[in-house]
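Data block below; observations after.
Nothing fancy with the numbering, it's 1 onward along the sequence.
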Amino acid sequence: MEFVGTFWSLVPPIVAIVLALITKETFSSLFVGILVGAMLLASFDPISTVNYIIVGTVGEGDDAMSVGFLNAISDPWNAGIFVFLVMLGIMVALVNTAGGSSAFGAWAGRHIKTRVGAMLATFLLGVLIFIDDYFNCLTVGAVMRPVTDEQKISRAKLAYIIDSTAAPICMIAPISSWAAAVSATAADLDTGVTGIQLFVQAIPYNFYSLLTIVFVVAICIMGFDYGPMAKAEFEAYRSGQLGALTKEERQENERASLLDMLIPVLLLIVFCVIGMLYVGGFWDAESEAYMDLSAAFGGTDASVGLPWGSLIALILSFVYLLCRRVIDFKGATDCFISGFRAMVPALMVLTFALTLKLATSALGADAYVAGLMEGAAEGLYALLPAIIFLVGLGLAFATGTSWGTFGILIPIVLPIFATAPDLLTIGISACLAGAVCGDHCSPISDTTVMASAGANVDHIQHVSTQLPYALSVAGVSFVCFLLAGFVRNWVICLAVGIVLVIVMLFVLKRTVGRTVTAEPAAE
């Protein structure tokens, strides 16, 4: 175990990420990362390496950490998300087979006439569904695929818009599973305010989330792309190669109407929210969260609430579509198999990514990065927000978890700013922004996997096309945090950030930017 808590703890995710970006192959790259992690945990003993890949435990007592595929699959949180994925896959197959997707696509084709309109409509729906990032990714993808396909928008671009309105939006929404996670992390710390108050105070300084919104809207309106995204958009517009991972044949049905799409989606939204509130104790008279909306979201468990709500929504949608006679009983039950089959690639990627996360955590990557930050803290107060942002970005990118990242960094940041309380809010914001940014960029992030599943696009294509955009916003955010350490005024810093984003996009458009009507640059 001589590799635990050292730089070697970062090697497994680095290997997986580099291989994935080079080979464009997801499963083998993630498996090699898992193999490297298991070898380091086993000190290169062959038998122990196999054990750590399949199932194993590192440490003893309260410090014991589970690793391996079986532990990743059997973890209650992960199992709940798997169930939610399957439920949503069945729901999508059911609506598609009944003709609801085609009816919605026809309606959207009559009302959304341009590519810009389709992209902005996707963005707006993503902003409106701010309760949970998993729910956001899968729901927005399922609803908007017919609309973006009609306008020949690549699935890679759809996945980017979905991903950009998932974690970044949830991180600035006071009522969301992410706000609950931050509040719970800060609840027992001596900050002088409640966890939710700290979260709300940090929102104006969360430059990455706020500037991502500006960036997405601006690049959609300006009508250009750059990097790998430009090629994906060109192929989608010119040759109709949207980049869908699996073929989707939408069923035409003369009896189907727009409501056959909208009612199942509304049922899903309503009952998933109710499910999260129920699990959080909103209707439990003996719970501290009784009839308290924010407390209920603060105490909920999305891995239980989302399957709870999706199951009820699926049953009601099943009955509704049968009563409408847009699908027969056999056709409806066949959707259980086809819906599950459609989610198999996402389930596999998520399983591999979660297994790699367990190995990385067991190797102590979080403790290693936290130690580096503490060592660099003295005498750098004005520069600390920018440093914290980079540390959070790197940690979330390597581990694939934003919740774990801010869970580690927030308790470290608080004592650092004990002598500079005016920087506390900025420091917390830098933690959250860095965590979201790293999560947004990381190929092993579960939110990134969900965005790929929602858009039904190859996971590595989504990562490679999104990375230049996310890093562009990250660069501007870093400048904003540098400025915030000295100016300490969010209005000035955010205004500077917005100007820099717009200027950057105009420069990119004139230099490397490509529209769908122009030939892509030679590779």
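- Closest of all the heavy-atom pairs between Phe478 and Ala386 is CE1-CB, 3.5 Å.
- Checking each of Ile269, Val273, Ile274 against Phe271 for a side chain to side chain contact (heavy atoms under 4.5 Å, CB included) leaves exactly one that passes, namely Ile274.
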With side chain to side chain contact (heavy atoms under 4.5 Å, CB included) as the criterion, how do Ser310 and Leu268 come out once you've worked through the C-alpha distance, each side chain's angles and the decisive distance to 0.1 Å?
CA-CA 6 Å; Ser310 61; Leu268 184 67; 3.9 Å; yes

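- With a 4.5 Å cut-off on side-chain heavy atoms, Thr351 and Ile73 count as touching.
- You'll find the side chain of Leu211 reaches within 4.5 Å of the side chain of Cys480, heavy atoms only.
- Within the 3.5 Å criterion, the main-chain N or O of Ala156 finds no donor-acceptor partner in the side chain of Gln461.
- Side-chain atoms of Arg155 never come within 3.5 Å of backbone atoms of Val457 as a donor-acceptor pair (strictly under, hydrogens ignored).
- Closest approach of Pro12 and Leu363 over heavy atoms only: CG-CD1, 3.7 Å.
- Checked by atom type and distance alone, the side chain of Gln151 pairs as donor or acceptor with a backbone atom of Ile112 at under 3.5 Å.
- Here the CD1-SG distance, from Ile153 to Cys220, works out to 8.0 Å after rounding to the nearest 0.5 Å.
- For the side chain to side chain contact (heavy atoms under 4.5 Å, CB included) test with Leu125, the passing option among Ile161, Val140, Leu120 is Val140; the others fail.
- Here OG1 of Thr425 is found 11.5 Å from CD1 of Ile203. Values are rounded to the nearest 0.5 Å.
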For the pair Phe82 and Val86, evaluate side chain to side chain contact (heavy atoms under 4.5 Å, CB included) and give the outcome as yes or no after the intermediate values.
CA-CA 6 Å; Phe82 290 162; Val86 172; 5.7 Å; no

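- The backbone N or O of Ala72 lies less than 3.5 Å from a partner atom in the side chain of Asn78, making a donor-acceptor pair.
- Closest approach of Ile444 to Gly400, counting heavy atoms only: CG1-CA, 3.8 Å.
- Residue Ile428 holds its CD1 atom at 13.5 Å from OH of Tyr205, rounded to the nearest 0.5 Å.
- Under the 3.5 Å distance criterion, the side-chain polar atoms of Asp163 are left unmatched by any main-chain donor or acceptor of Ala159.
- Remark: of the listed residues Phe207, Phe486, Phe481, Phe207 is the sole one forming a side chain to side chain contact (heavy atoms under 4.5 Å, CB included) with Cys493.
- Using a 4.0 Å cut-off between charged side-chain N and carboxylate O, Lys157 and Asp225 make a salt bridge.
- Between Leu423 and Leu384 there is no side-chain heavy-atom pair separated by less than 4.5 Å.
- Between Phe389 and Cys437, the closest side-chain pair of non-hydrogen atoms falls below 4.5 Å.
- Put simply, CG on Leu482 and OG on Ser477 are 11.0 Å apart, with the number rounded to the nearest 0.5 Å.
- A distance-only check finds no donor-acceptor pair linking the side chain of Ser442 to the backbone of Asp439 [under 3.5 Å].
- Atom NE2 in His462 sits 10.0 Å away from atom OH in Tyr160 (nearest 0.5 Å).
- Using a 4.0 Å cut-off between charged nitrogen and carboxylate oxygen, Asp446 and Lys357 count as a salt-bridge pair.
- Proximity of Met276 to Phe282: side-chain heavy atoms (C-beta onward) are nowhere separated by under 4.5 Å.
- Considering every non-hydrogen atom in both Val67 and Leu358, the closest pair reads CG1-O, 3.7 Å.
- Between Pro307 and Met87 there is no side-chain heavy-atom pair separated by less than 4.5 Å.
- With values rounded to the nearest 0.5 angstrom, Ile219 atom CD1 is found 8.0 Å from Met229 atom CE.
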Candidate pair Phe215 and Met504, rule side chain to side chain contact (heavy atoms under 4.5 Å, CB included), full reasoning:
CA-CA 10 Å; Phe215 184 92; Met504 175 182 67; 3.9 Å; yes

Do Ile498 and Leu210 pass the side chain to side chain contact (heavy atoms under 4.5 Å, CB included) test, and can you show the C-alpha distance, the side-chain angles, and the key distance before you say yes or no?
CA-CA 9 Å; Ile498 292 172; Leu210 297 170; over 6 Å; no

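- Annotation: side chain of Val147 is not in contact with side chain of Thr122 (no heavy-atom distance under 4.5 Å).
- Between the Ser209 side chain and the Pro168 main chain, a donor and an acceptor come within less than 3.5 Å of each other.
- Between His440 and Ser445, every side-chain heavy-atom pair lies at or beyond the 4.5 Å cut-off.
- Across all non-hydrogen atoms, the minimal contact from Thr114 to Gly117 is OG1-N, 2.9 Å.
- Smallest separation of non-hydrogen atoms from Ala453 and Arg145: O-NH1, 3.9 Å.
- Between Tyr469 and Tyr226, the ring planes lie tilted relative to each other; the angle falls in the 30° to 60° range.
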ring-ring contact (aromatic ring centres under 6.0 Å, His included) assessment of Tyr278 paired with Trp308:
CA-CA 9 Å; Tyr278 172 77; Trp308 192 98; 5.1 Å; yes

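- Checked against Cys137 for a side chain to side chain contact (heavy atoms under 4.5 Å, CB included), the options Thr448, Ile162, Thr165 give a single hit: Ile162.
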